[in-house]
Amino acid sequence: MQSLESYAKITGQDVITQLRQLAEPMRGMKVVHVNSTRMGGGVAEILHKLVPLMNELGLDTHWEVIEGNNDFYQCTKSFHNALQGNQVVIPESLLRNFEETNRENAEKLRPKLEDADIVFIHDPQPAPLLRYMPDRKGTWIWRCHIDVSRPYRPVWKYLRPFLLDYDASIWSLSDFAQPLPHPQYLVPPSIDPLSDKNIDLPESEINAVYDRFDIDPNRPLITQVSRYDRFKDPVGVIHGYRYAKRFIPGLQLVLAGGSATDDPEGEAVLNEVYDAANDDPDVKILLLPSDAHRTINALQRASDIILQKSTREGFGLTVTEAMWKGRPVIGGNTGGIRLQVINHHTGFLVSTPEGAALRTRYLLNHRDILENMGTKAKQFVRDHFLLTRHLGEYLTLMVVLKHEHADRVELA
Ligand code: UDP
């Protein structure tokens, strides 16, 4: 793990000094993050980096993961699908199991959570913990990472009561915020530029992925990195690739994915992807282990363009990761992708496979524009989506919440 100081070479020393100043008055404060998986997906990716840096800043920071059985993950995946807009009917028995699982986890975590000064509860899976913590001392924040711009109402209505007692909530963009009786804050996620996923790689390591995955380095390559989840639309990516291939016959596609331990639908979606690819030798469907960070880094760098054709997206760290590597992103015109892909500047926003194909053809035929977009994309991430900005906003929020009755809060 990198020390905070090592980020100065990317952000400048002032940013690091400011983070230290912000954290100073909170030294020793006990902070706990809770989510439902240590591996897979964007939340785990962020917590792996954020928690050690908060500790380095003197906050006594812990990361706890709730556990559940298959029915629990089935239920929370249904929440995820419903909050992102699908009509899903969830059986009563799964809802009771969801509540009971949270109650059991609350018992286990009580010694850690009850006296914590600040608790961040990530996403709906552990949201009911607060209900089972009547003697909690600290400030509890619900941090929502998913696209809840148009939730399926019956499921939102079920979940909302669990959120009412939180002291605040955090959302990735304003479109997602929902009527709740507490202050809501907007904090977009971030990437760690020094992690294995994002650090500069030697040419040899980038080139090695061509051999390893049987990719021809002399032909164009487009890639989508994602869990096999329908909202990521991997089948739509294959259709887009097919349209584009009519104009760019040598085109190759990589779909790189793995599974998250809290995602029970991955296998079914993966089978749909195999069917759609129909044994095309130029479509590489990769199932990577959850620690394949350098491989994903190299694949993103080996690609000409990165796709993220999601139909709903809370933020899309894969978009940020690609942009940081100077790759333009052709992304679904939805949720957090819109925050990052500034249409025609840092990439293109599309709504259909045909749209993705047209933009792919355009960029591959205009290499100067492709390069220029990639350069702008990297700068945009440097300015807005690095871990240091994210950490600074969390610290600011914590200062503000701890002084909620003050007329004025001095930030160092
Ligand atoms: N990721 C990974 N391996 C995979 C697929 C995804 O390491 O096989 C990483 C990806 O690089 C990114 C995160 O998981 O850092 C996914 O975050 P994102 O916000 O894009 O989507 P989420 O999975 O949280 O919906």
Side-chain angles (χ1 to χ4, degrees), residues 35-50 73 76-77 79-81 83-84 122-125 143-148 171-173 176 187-199 201 209 213 223-234 237 254-267 269-270 273 284-301 303 306-325 327 329 331-332 334-341 381 385-387 390:
N35 81 325
S36 64
T37 176
R38 217 169 274 282
M39 292 289 185
V43 181
E45 185 86 14
I46 291 167
L47 290 179
H48 273 294
K49 308 299 168 192
L50 202 64
Y73 295 118
T76 57
K77 182 70 187 186
F79 288 156
H80 183 87
N81 292 342
L83 292 180
Q84 298 211 128
H122 295 264
D123 281 339
Q125 297 92 326
R143 201 310 177 211
C144 179
H145 294 266
I146 54 188
D147 179 344
V148 276
W171 312 78
S172 294
L173 58 156
F176 300 167
V187 180
S190 63
I191 57 159
D192 177 355
L194 299 180
S195 67
D196 279 347
K197 182 68 67 54
N198 296 307
I199 193 119
L201 295 179
V209 296
F213 298 116
T223 294
Q224 173 157 307
V225 176
S226 275
R227 289 179 296 108
Y228 291 102
D229 176 306
R230 290 197 185 89
F231 288 116
K232 310 283 184 184
D233 199 14
V237 171
V254 165
L255 287 170
S259 59
T261 50
D262 61 349
D263 180 355
E265 280 178 9
E267 204 175 310
V269 177
L270 183 59
V273 168
K284 314 287 176 195
I285 299 165
L286 311 182
L287 258 185
L288 299 172
S290 57
D291 59 353
H293 302 301
R294 286 185 85 101
T295 307
I296 289 178
N297 185 343
L299 279 167
Q300 287 166 329
R301 291 179 193 279
S303 307
I306 299 293
L307 301 181
Q308 189 55 55
K309 220 208 85 36
S310 308
T311 55
R312 288 278 192 281
E313 190 61 76
F315 183 66
L317 288 181
T318 51
V319 172
T320 337
E321 291 159 6
M323 289 170 63
W324 179 244
K325 287 150 194 144
R327 297 296 176 273
V329 173
T334 190
I337 297 179
R338 286 194 196 138
L339 212 54
Q340 307 184 68
V341 174
V381 172
F385 301 121
L386 295 185
L387 185 59
H390 195 175

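For clarity, every value in this text was computed on a predicted model and none was experimentally measured. Order of listing sets the numbers, starting from 1, for every ligand and every atom in it.
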Going by the order shown, which atoms of ligand 1 are within less than 4.0 Å of some heavy atom of Gly316?
-> 19 (O), 20 (O)
Could you say whether the N/O atoms of Gln300 and ligand 1 ever approach to under 3.5 Å?
-> no
Polar proximity ligand 1 side, Ser226 side, N/O cut 3.5 Å exclusive | no
So is there a nitrogen or oxygen of Val43 less than 3.5 Å from a nitrogen or oxygen in ligand 1?
-> no
Should Val329 and Leu307 be marked as a side chain to side chain contact (heavy atoms under 4.5 Å, CB included) after you check the CA-CA gap, both sets of side-chain angles, and the distance that decides it?
-> CA-CA 6 Å; Val329 173; Leu307 301 181; over 6 Å; no
Atom indices of ligand 1 within 4.0 angstrom of Glu321 heavy atoms, with elements | 10 (C), 11 (O), 12 (C), 15 (O)
To the nearest 0.1 Å, how far is atom 25 (O) of ligand 1 from its closest protein heavy atom, and which atom is that?
-> Lys232 NZ, 2.7 Å
If you scan protein heavy atoms around atom 24 (O) of ligand 1, the nearest is Gly42 N, 2.6 Å
Consider every N or O of Gly258 and every N or O of ligand 1, then say whether any pair is closer than 3.5 Å.
-> yes
Salt bridge (charged side-chain N to carboxylate O under 4.0 Å, His left out) partners for Arg230, two or more places apart | Glu265, Glu272
Counting from 1 in the order shown, the ligand 1 atoms closer than 4.0 Å to a non-hydrogen atom of Glu45 are 15 (O)
Report the C-alpha distance between Leu173 and Arg338 in whole Å, list the side-chain angles of each, state the deciding distance to 0.1 Å, and finish with yes or no for side chain to side chain contact (heavy atoms under 4.5 Å, CB included).
-> CA-CA 10 Å; Leu173 58 156; Arg338 286 194 196 138; 5.5 Å; no
Shortest reach to atom 3 (N) of ligand 1 by a heavy atom, considering only Ile337, Ile296, Thr320 | Ile296
Which residues satisfy the salt bridge (charged side-chain N to carboxylate O under 4.0 Å, His left out) test with Asp192, sequence neighbours excluded?
-> none
Based purely on interatomic distance, does Lys197 place a nitrogen or oxygen under 3.5 Å from a nitrogen or oxygen of ligand 1?
-> yes
Below 4.5 Å, heavy atoms only, C-beta onward: do Asp233 and Ser310 meet side chain to side chain?
-> no
Would you say the side-chain atoms of Arg227 and Thr318 include a donor-acceptor pair closer than 3.5 Å?
-> no
Could you tell me which atoms of ligand 1, counted from 1 in the order shown, lie closer than 4.0 angstrom to a heavy atom of Thr318?
-> 10 (C), 12 (C), 20 (O)
